[in-house]
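Below: one structure, written as structure tokens.
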Amino acid sequence: MRLPDKRTSIEAVIAHIKDGDSIMVGGFGVPGTPMTLIRALVAHGARDLTLIKNDANEPGMGIDHLLQSGQVKRLITTHLGLNSHAIGLMNSGALEVEFNAQGILAERIRAGGAGIGAILSDIGIDTELARGKQVVEMNGTPYLVEPALRADVALIHADTADPFGNLAYVATAQNFNPLMAMAAPLVIAEAERVVPLGELDPNTVHTPGVFVDHVTELPEITEDYAVVRR
Amino acid sequence: MRLPDKRTSIEAVIAHIKDGDSIMVGGFGVPGTPMTLIRALVAHGARDLTLIKNDANEPGMGIDHLLQSGQVKRLITTHLGLNSHAIGLMNSGALEVEFNAQGILAERIRAGGAGIGAILSDIGIDTELARGKQVVEMNGTPYLVEPALRADVALIHADTADPFGNLAYVATAQNFNPLMAMAAPLVIAEAERVVPLGELDPNTVHTPGVFVDHVTELPEITEDYAVVRR
Amino acid sequence: MVARAAREIAPGMVVNLGIGLPTKVVNHLPADFPVCLHTENGMTGIGPALSPDRADRNLIDAGGAYVTPVPGSAFFDSATSFAVVRSGRLDLTMLGAFEVSETGDLANWKIPGKFSPGAGGGIELAQKARRVAVLTTHTDRAGNPKLKQTCALPLSASACVTRIFTDLAVIDVTPDGFALTELAEGTSPEDVQRATDAPLSIPDAPIPTF
Amino acid sequence: MVARAAREIAPGMVVNLGIGLPTKVVNHLPADFPVCLHTENGMTGIGPALSPDRADRNLIDAGGAYVTPVPGSAFFDSATSFAVVRSGRLDLTMLGAFEVSETGDLANWKIPGKFSPGAGGGIELAQKARRVAVLTTHTDRAGNPKLKQTCALPLSASACVTRIFTDLAVIDVTPDGFALTELAEGTSPEDVQRATDAPLSIPDAPIPTF
């Protein structure tokens, strides 16, 4: 047996995305954000998208390009603190925003990837984040039902990949990527390096290739990925 | 800042265990089973224990020593297929056994480690495994409530550790260890090697040391860990 | 029958082979066949089994056999392993059976009063793999049919099995019940019907053999 | 006040320092102090911050500052990161505040109509750290007290704060409300009471200063 080869060009993989799709995007700030796939999605032009991402990056960076191009209808996120442009869109009603507690967004995505229906959590149960949520009692204690979250597509940034789609991340560029890479039927990974099958240590793979559909090696590490000078 | 040193002797750490404790034990078959900690627990003699372990190992191996010494009151597990002795204890009523679907046991332990109350799952919903379980409807679909599982103590086997308790596993010795290492207030890890702080690549740590209370280097890799010749 | 079952695996699939007969399917795949084998205890990319003399003590499959990695293997924890199964990434599982009903119900984990070692990962494989095939002798050791109108034993999952490979035949589970699809060399449709405890649709056209 | 807050960290603790003032606490810990710093975006063992010129583009804290590892650091995903918080492994968090009530309610994420960027990880830190301390100026920029009988703003978590470090004082949240524990050099108990919108218990004994 040999493992299948999933290498594809960026254009070919982004062509799978349709108007109205929900799209998970890895990253927390710049680290782990699939900048090149995002640029390709802007060029592709799919509209009415729902994005699921920890944050909205900063003005002129990452998913802000998709917000600026008007391709995003709805954003499921944890905070927009560093993107005044996104806050403006939200306040004007041009962008629908759903806020989740950060660890709960992570767990909801993980639940989607793990094929479970929901988690029961007490996070935010006495805050306005609980509004409108289903409450379930277990042994007399109330919990919020936090439904699993899946998307049509997940866009992932990895440091190293192999042709089967095994992925390894570095430093804090890991964040939401391993969770999102399990939570969509179409998982597209950009990697800084694609190494031959067998070069990644099977013990240190973060995302098993079994979850990944397409792998593409970045032609260059552009300025988009660089250290931010504020 | 420097990270605290959590190295302790096996005798000192096992002394923390009390009669009636619930104890998670890593391992799936021989790989990942903390054989030396188990032997020390037999010597220590704590009774009326509840063990949580994927399987009951084989007769004369691993937790079977604790079953044979009569220290175990209750076993939460997924299958006993390779341990006729454990099946005999169960059938005679000397050992209380709770069976979980394997992936659900994993998720319940993970939920315990992640500080969430329960997961909602449809696994086994039309089988006898669903008996007696709370059912919750979400958007008209019924789910079983599978409560988070924590224990008083977790016994973990790692390949490599550092003094802070960062752990790395190898091959299929990983299994339940990373999950259990998050799901108890007292986590004790035996490691085949304890390397100096800084020698484990921070990107390839499987269990962050923040979850681990005590680390002990195995004085030898005994026959208990060897390939089984059936 | 094992060789025939192996032909069920399409290139590019992710496959879990259950303990017992199904495990042997791997021996009938060509060396360069593109497939990803998964095992519940936390591995994708399973290579050939090894004798104890050459085994890695830390590398087993869910049945306890010593196996090898292939280039591109990955190891992961038990939660991730069942995430593969439950989230729909497992294209096919081949399982053993005590009983299969004509509606595709599967009983393969418990014989009350006789055999109740726990289901392990079997429930999730049966319920969540995108396709569940059964690989089993057509009758049990006492000669009793395993393919039945309804299962008497506790179920692993209901309406999950779509195809059954036995020593006598390949049988599909259809909305109309069991349908004979292929015959073992030297077996007649009547032989198969006699060994089956439910009506069998037998096509008019010639039946392929294996 | 930051130096005083730093003395709150006991050897061996796991600590998360919130964005803003709390982040600066780290500068007041001795180089060999045994502590494990955690950041929500997936790291334990945070070392000193770096200027952009020397930064690793992939290594930031939850506030976006470029940081360094220490020997024994670990990186992990966001689910694991909040598992640390929710499962009780975080001994202490120090957070900023818009308002703190005398029962320990904390509001630090939203000013309706003015500032609503989302809570990020703040809700879980406030609700689940074993101990929540607040580090804040005693009053806001307009001079309004931040320590109040009840919070007017949306809460992050109720009854979570046990100690508050301000530029004027160290104040404990007790079953009887705010208790003055320490004073900033040159500040009187009356100064603190004037800047606090709730009754303050003032001990009879001499009050230590910082």
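Every chain is numbered from 1, with letters handed out A, B, ... down the list of sequences.
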For this session: Tell me, with the steps shown, if D/Asn58 and A/Thr172 meet side-chain contact (heavy atoms from CB on, under 4.5 Å).
Result: CA-CA 6 Å; D/Asn58 287 311; A/Thr172 57; 5.6 Å; no

Exercise. Please walk me through it: do A/Asp122 and D/Lys128 pass salt bridge (Lys or Arg N to Asp or Glu O under 4.0 Å)?
Worked result: CA-CA 10 Å; A/Asp122 64 352; D/Lys128 291 295 183 181; 2.8 Å; yes

Problem set entry | Verdict with supporting geometry, D/Glu124 and A/Ile104, side-chain contact (heavy atoms from CB on, under 4.5 Å) | CA-CA 9 Å; D/Glu124 282 154 296; A/Ile104 296 304; 3.8 Å; yes

Exercise. Hey, mind stepping through A/Glu128 and D/Trp109 against side-chain contact (heavy atoms from CB on, under 4.5 Å) and telling me if it holds?
Worked result: CA-CA 11 Å; A/Glu128 64 174 58; D/Trp109 70 285; 3.8 Å; yes

Exercise. Hey, mind stepping through A/Val30 and D/Ile60 against side-chain contact (heavy atoms from CB on, under 4.5 Å) and telling me if it holds?
Worked result: CA-CA 9 Å; A/Val30 169; D/Ile60 62 173; over 6 Å; no

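Across A/Asp126, A/Asp55, A/Val97, the residue that shares the most heavy-atom pairs under 4.5 angstrom with chain D is A/Asp126. If you tally non-hydrogen atom pairs under 4.5 Å between each of D/Ala62, D/Ala157, D/Ser51 and chain A, the highest count goes to D/Ala62. Highest contact tally toward chain D, considering only A/Ala226, A/Gly103, A/Ala106, A/Gly81, is held by A/Gly103 [criterion: heavy-atom pairs under 4.5 Å].
In this structure, the side chains of A/Thr127 and D/Gln127 stay at 4.5 Å or more apart for every pair of heavy atoms. Side-chain contact check for A/His206 versus D/Phe76: every heavy-atom pair is 4.5 Å or farther apart. A/Ile221 has its side chain within reach of D/Arg57: a pair of non-hydrogen atoms, C-beta onward, lies under 4.5 Å apart. Side chains of D/Ile123 and A/Leu129 form a contact here, defined as non-hydrogen atoms less than 4.5 Å apart. Put simply, the side chain of A/Met90 reaches to within 4.5 Å of the side chain of D/Ser116, judged on heavy atoms. The side-chain heavy atoms of D/Asp53 and A/Arg229, taken from C-beta on, include a pair separated by under 4.5 Å. A 4.5 Å side-chain heavy-atom check between A/Glu107 and D/Phe82 finds every atom pair outside the cut-off.
Interface remark: A/Ala101 contributes backbone and side-chain atoms alike to the contact with chain D (heavy atom separation under 4.5 Å). For A/Glu192, the part lying near chain D is the side chain, with the backbone staying farther off; criterion is any non-hydrogen pair under 4.5 Å. There is no contact between D/Ser81 and chain A, counting heavy-atom distances below 4.5 Å. Looking at A/Leu179, only its side chain comes within 4.5 Å of chain D, counting heavy atoms on both sides.
Residues D/Gly120 and A/His79 come closest through the heavy atom pair N-CB, 3.8 Å.
Around atom CZ of D/Arg130, no more than 12 heavy atoms belonging to other residues, nucleotides or ligands sit under 6.0 Å away. For NZ of A/Lys133, the number of neighbouring non-hydrogen atoms (other residues, nucleotides, ligands) closer than 6.0 Å is greater than 12.
D/Ser78 and A/Asn175 share no donor-acceptor pair across their side chains, judged by distance under 3.5 Å alone.
The main-chain N or O of A/Val228 is found under 3.5 Å from a side-chain atom of D/Tyr66 such that the two form a donor-acceptor pair.
Rounding to the nearest 0.5 angstrom, the gap separating the OG1 atom in D/Thr80 from the CZ atom in A/Arg110 is 8.5 Å. The structure places CZ of A/Phe176 at 10.0 Å from CG of D/Asn41, a figure rounded to the nearest 0.5 Å.
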